[in-house]
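Predicted, not measured: the structure shown is a model, and the values here were computed from it.
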Amino acid sequence: MNDTMQKTLEVEVLNIQKGEYLSEALKRQGYPMLPSNAIINKVMTGTGATYMELDTKLSPRNSIVIEPFKSSVENKVLIFNEAQGVFKEITVKQLTTYLKNSNIQYKKIITTPEGFLNKVLKVARCLKINVYKEFFCLFDEAEHLTEDTGYRRSISAPMKEFFKFENKALVSATPLKPSKYTLTLFLRHKLRWVEIRPNYDYRETMTLITTRSFYSRVKRQVKNLLDGGSPHVCIFYKTTEGICNIVESLLHDGIITTEDYKVFCSKNSADKLKSRFLEYSTDKLELPLKKVNLFTSRFFPSMDINLKELCDVLILSNYDHIQHTLINPFTEAIQCQGRFRHTFPNGKRYNSLTVIASIPNELKVKSEEEVQADIDARIKSYRAVLKEKLKANDPTNFDKDLKRLRLNEVLDSEHKGFDRFAIEQLLLDEQVKGYYLSPDALRQAYENTDYFNVDYQPEDEAVGEDDIYRIKAAKAKEKWQFIVSVLSNIMEDAAAIQFLRAKCVEEEWLINAFFKLGQEVIEQQQYSKVAIKKLLEQTEQKETLQRRFSRAFLSDMKKEFEAETGNDLYIPVKDVLDRISYLLDCYGISYSQYGDGKKGTMCKLSSPFIEEYFDVKRSNRDDVKVKLERFKNELLDQE
């Protein structure tokens with residue numbers, strides 16, 4: 001917990017014993033139900049916080065539980081028959097009927113954030129129900145208020161209404177500690193931080209693999225697990241595009257068949273995957289699982305997966321391919337493994353837990369001051385355009401510009417003010433990026449969670465498939481910058497350089513320039529291909545001259561024609577040039593010959609070339625033969 005929060009938010013520490021449910025732990029310490037006006041850090045997943053609130057015997061009161069995802073709502077409605085789920089497909093009439101049902105003593109509403117605003121509150125007003133007084137409001141998996149608001153602004157929209165409830169709480173096993181932007185809200189409404197601290201060692205063993213060949217490593221890991229007899233491999237990955245790549249690769253290599261996988265994602269994503277012939281894609285949690293099961297982020301929280309056999313869990317993060325896939329060790333990684341609720345006789349909930357992560361190249365992380373400066377710039381831009389709009393005869397001309405401005409990313413859903421959680425999300429993004437600055441930084445982050453015993457297994461390849469993917473996907477100048485960046489890290493690794501040359505044949509000129517001219521010269525030329533190739537050619541010509549007139553080359557040239565030199569013997573020019581070409585090849589000197597038009601060579605191999613090393617006499621009858629009268633020994637003396 002950071003110092004700022006300790007000084008400002010009241011903190012209450014409770015404990016939970018091994019094997020205890022949260023309801024038992026709270027009652028033992030004087031709380032018959034969930035504490036009110038609190039951010040509850042339950043620390044452990046699966047201890048039954050929402051279960052406690054939705055069970056009418058454990059919590060005999062009216063409750064509204066806000067879940068971040070529809071799948072979470074549906075999952076909990078299956079468990080609690082008398083609860084009413086509220087999401088897009090549920091009508092106002094259905095909700096009205098439920099609330100008017102006098103046979104249900106304690107109403108339990110489980111809703112998405114959108115359903116809360118658009119249906120629950122509206123129906124309550126129509127029925128003249130004062131939900132703020134008569135209901136306890138619980139926001140489950142509270143970290144998503146910040147984590148997801150960047151791309152789903154509606155998730156934090158209920159907070160204005162949430163604070164109006166007399167009795168309320170936010171709960172999660174991984175709540176985010178309020179930043180200075182949201183702390184004000186919690187202090188103003190007198191919420192406190194309640195931490196349910198386990199009094200036993202609850203850490204899970206985890207293998208952390210960092211790699212530069214992400215998809216190959218994932219495929220190998222899945223194959224090893226299946227070959228080892230795993231009944232289920234459960235893969236958590238944020239991107240459906242990445243999931244598609246994994247499934248297609250496993251199918252292509254015969255590691256699985258079309259009957260061996262299932263993808264769990266949103267309905268829209270499932271439809272897209274089916275259009276790519278991945279038929280076994282669904283937005284419902286369907287058991288039993290297949291051999292390989294892939295879950296997108298909507299299945300990370302609040303989903304109970306109760307299996308009959310121990311599975312193996314993989315959590316994936318691959319920023320270089322898909323930038324929003326970075327896994328937060330302090331929240332998402334803990335939540336993913338927490339989906340598996342059933343504890344087997346050996347005390348385990350799963351057989352193994354592995355995180356596979358690619359480490360992005362040259363990831364840039366903004367400081368809090370830089371984020372604030374960015375927000376200030378957005379505000380100024382917005383105000384400037386708004387000012388011109390107010391003065392314009394036709395203000396609608398400015399509406400498109402206002403909508404495009406980056407300030408919209410931190411405005412509330414009604415565009416009437418700032419969303420503090422959206423601003424906090426900008427800070428969180430930079431914080432998570434910081435965990436991925438290096439393999440060791442990521443290892444340290446996982447260790448700092450205090451939730452994992454980390455078995456760290458970094459792959460030591462200096463350059464891998466991820467680097468090549470990044471290079472191939474980039475535009476020209478950016479591609480060349482990537483190559484130079486990679487070269488600066490592998491310049492002492494001959495095998496890595498050879499691999500890069502093989503994968504970047506068209507950029508051979510740049511690789512040569514890096515080693516012959518240096519990174520500084522390339523940057524001075526601002527990655528201009530024409531300018532760099534010109535300097536490279538000049539350098540190579542100079543090197544060629546030095547090599548051609550080195551003592552070793554001169555000695556070999558003299559020795560090669562020793563028998564013919566000084567004898568009254570005419571030799572075909574073609575034979576002489578062919579023998580010289582062999583020497584040039586041995587010394588790695590490229591050349592053009594017989595007008596073949598080769599470009600980018602170091603020298604031209606023709607009759608005058610012979611005269612640079614020998615005094616010659618040409619045949620009077622034709623010009624195709626020469627007599628080598630003398631080798632120019634003075635060249636050896638000069639060298």
After noting the C-alpha distance and the side-chain angles of F214 and Y237, does the key distance pass the ring pair (Phe, Tyr, Trp, His ring centres under 6.0 Å) rule?
CA-CA 12 Å; F214 177 80; Y237 196 19; 5.7 Å; yes
Any chance you could lay out the side-chain contact (heavy atoms from CB on, under 4.5 Å) test for V194 and I39, step after step, and finish with the verdict?
CA-CA 6 Å; V194 177; I39 303 170; over 6 Å; no
Pair C137-I66, side-chain contact (heavy atoms from CB on, under 4.5 Å): steps then yes or no
CA-CA 8 Å; C137 188; I66 303 174; 3.9 Å; yes
Between Q372 and Y181, does a side chain to side chain donor-acceptor pair (under 3.5 Å) hold up when you go through it step by step?
CA-CA 11 Å; Q372 184 59 59; Y181 298 103; 2.2 Å; yes
Apply the test ring pair (Phe, Tyr, Trp, His ring centres under 6.0 Å) to residues Y51 and F80: give CA-CA distance (whole Å), side-chain angles for both, the deciding distance (0.1 Å), then the verdict.
CA-CA 9 Å; Y51 185 97; F80 297 95; 5.1 Å; yes
Going through the checks in order, is the side chain to side chain donor-acceptor pair (under 3.5 Å) test met by S266 and D283?
CA-CA 5 Å; S266 69; D283 64 336; over 6 Å; no
Would you please test V65 and K108 for side-chain contact (heavy atoms from CB on, under 4.5 Å) and show each step?
CA-CA 8 Å; V65 176; K108 301 290 183 181; over 6 Å; no
Take H189 and F162, measure what ring pair (Phe, Tyr, Trp, His ring centres under 6.0 Å) needs, and give me the verdict at the end.
CA-CA 10 Å; H189 294 94; F162 170 84; 8.8 Å; no
Worked verdict on D374 versus K366 for side-chain contact (heavy atoms from CB on, under 4.5 Å):
CA-CA 10 Å; D374 178 40; K366 294 179 182 177; 3.9 Å; yes
Salt bridge (Lys or Arg N to Asp or Glu O under 4.0 Å), that's the test. Do R220 and E459 meet it? Break it down for me.
CA-CA 13 Å; R220 189 163 78 249; E459 292 191 338; 2.8 Å; yes
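In this structure, K168 fails the cation-pi test against F139, since its NZ or CZ atom is not both closer than 6.0 Å to the six-membered ring centre and inside 45 degrees of the ring normal. Geometrically, R349 does not engage F340 in a cation-pi contact, judged by NZ or CZ lying under 6.0 Å from the ring centre and within 45° of the ring axis.
Checked against the 6.0 Å centroid criterion, the rings of Y446 and Y451 do not qualify as a close aromatic pair.
Of the inter-residue distances, the one linking I246 atom CD1 with L250 atom CG reads 7.5 Å to the nearest 0.5 angstrom. The line from CZ of R339 to OH of Y350 is 11.5 Å long, rounded to the nearest 0.5 Å. One finds the CG atom of L426 at 11.5 Å from the CD atom of E368 (value rounded to the nearest 0.5 Å). Rounding to the nearest 0.5 angstrom, the gap separating the CD1 atom in I209 from the OG atom in S358 is 13.0 Å. Taking CZ from F236 and CG from N293, the interatomic distance works out to 9.0 Å, rounded to the nearest 0.5 Å.
The shortest distance between side-chain heavy atoms of E67 and I110 falls below 4.5 Å. The shortest distance between side-chain heavy atoms of F69 and E141 does not fall below 4.5 Å. The shortest distance between side-chain heavy atoms of R203 and F452 does not fall below 4.5 Å. At a threshold of 4.5 Å between non-hydrogen side-chain atoms, the residues V86 and I109 count as touching. The side-chain heavy atoms of C265 and I243, taken from C-beta on, include no pair separated by under 4.5 Å. The side-chain heavy atoms of F136 and L138, taken from C-beta on, include a pair separated by under 4.5 Å. In this structure the side chain of K262 never reaches within 4.5 angstrom of the side chain of L294, judged on heavy atoms. Two residues are said to be in side-chain contact when any heavy atoms from C-beta on lie closer than 4.5 Å; V218 and N318 fail this criterion.
Look at E74 and K284 and you find a salt bridge, because one of the NZ, NE, NH1 or NH2 atoms lies within 4.0 Å of a carboxylate O, short of that distance. Salt-bridge formation is not detected for the pair E114/K88: no Lys NZ or Arg NE/NH1/NH2 atom is positioned less than 4.0 Å from an Asp or Glu carboxylate oxygen. Salt-bridge annotation for E465 and R212: absent, with no side-chain N of the basic residue lying under 4.0 Å from a carboxylate O of the acidic one. Salt-bridge formation is detected for the pair K219/D253: a Lys NZ or Arg NE/NH1/NH2 atom is positioned less than 4.0 Å from an Asp or Glu carboxylate oxygen. A salt bridge links E12 with R192: the closest approach of a Lys/Arg side-chain nitrogen to an acidic carboxylate oxygen falls below 4.0 angstrom. Salt bridge D466/R470: absent, no basic N to carboxylate O contact under 4.0 Å.
Taking the side chain to side chain donor-acceptor pair (under 3.5 Å) definition, one finds that R420 meets it with nothing, sequence neighbours left out.
Paired with E143 under the rule side chain to side chain donor-acceptor pair (under 3.5 Å), one option of T331, T174, N328 passes, and it is T174. Tested against L22 for a side-chain contact (heavy atoms from CB on, under 4.5 Å), the candidates L58, V43, L34 yield a single pass: L34. Of the residues L176, D148, L185, the one that meets the side-chain contact (heavy atoms from CB on, under 4.5 Å) test with F421 is L185.
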Report, one line per pair, each donor and acceptor closer than 3.5 Å where one atom sits in a side chain of residues 306-316; sequence neighbours left out.
unit_1	atom_1	unit_2	atom_2	d
D312	OD1	N351	ND2	3.1
D312	OD1	S352	OG	2.5
D312	OD2	S230	OG	2.6

With a 3.5 Å cut-off and sequence neighbours excluded, list the donor-acceptor pairs that the side chains of residues 433-442 form with protein atoms.
unit_1	atom_1	unit_2	atom_2	d
K433	NZ	E430	OE2	3.4
Y435	OH	Q431	NE2	2.8
Y436	OH	S317	OG	3.4
Y436	OH	I327	N	3.2
Y436	OH	I327	O	2.6
S438	OG	A441	N	3.0
D440	OD1	R443	NE	2.8
D440	OD1	R443	NH2	2.6
D440	OD2	R443	NH2	3.4

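For K291, the NZ atom is loosely surrounded, since the number of other residues' heavy atoms within 6.0 Å does not exceed 12. Within a 6.0 Å radius of NZ in K290, more than 12 heavy atoms belonging to other residues, nucleotides or ligands are found.
For the residue pair Q457/T207, the side-chain donor-acceptor check at 3.5 Å is not satisfied. No side-chain donor-acceptor contact under 3.5 Å links S297 and K238. In this structure, a donor-acceptor pair under 3.5 Å is absent between the side chains of E20 and Y200. Under the 3.5 Å distance criterion, with hydrogens and angles disregarded, a donor-acceptor pair is assigned to the side chains of E424 and S179. A donor atom on one side chain and an acceptor atom on the other are not found under 3.5 Å apart for T45 and Q335. No hydrogens or angles considered: a donor-acceptor pair under 3.5 Å links the side chains of N15 and Q29. With no hydrogens or angles considered, no side-chain donor-acceptor pair links T47 and K42 at under 3.5 Å.
Between Y215 and G242, the shortest heavy-atom contact is OH-CA, 3.3 Å. Considering all non-hydrogen atoms of both residues, F295 and L289 come closest at CZ-CD2, 4.5 Å.
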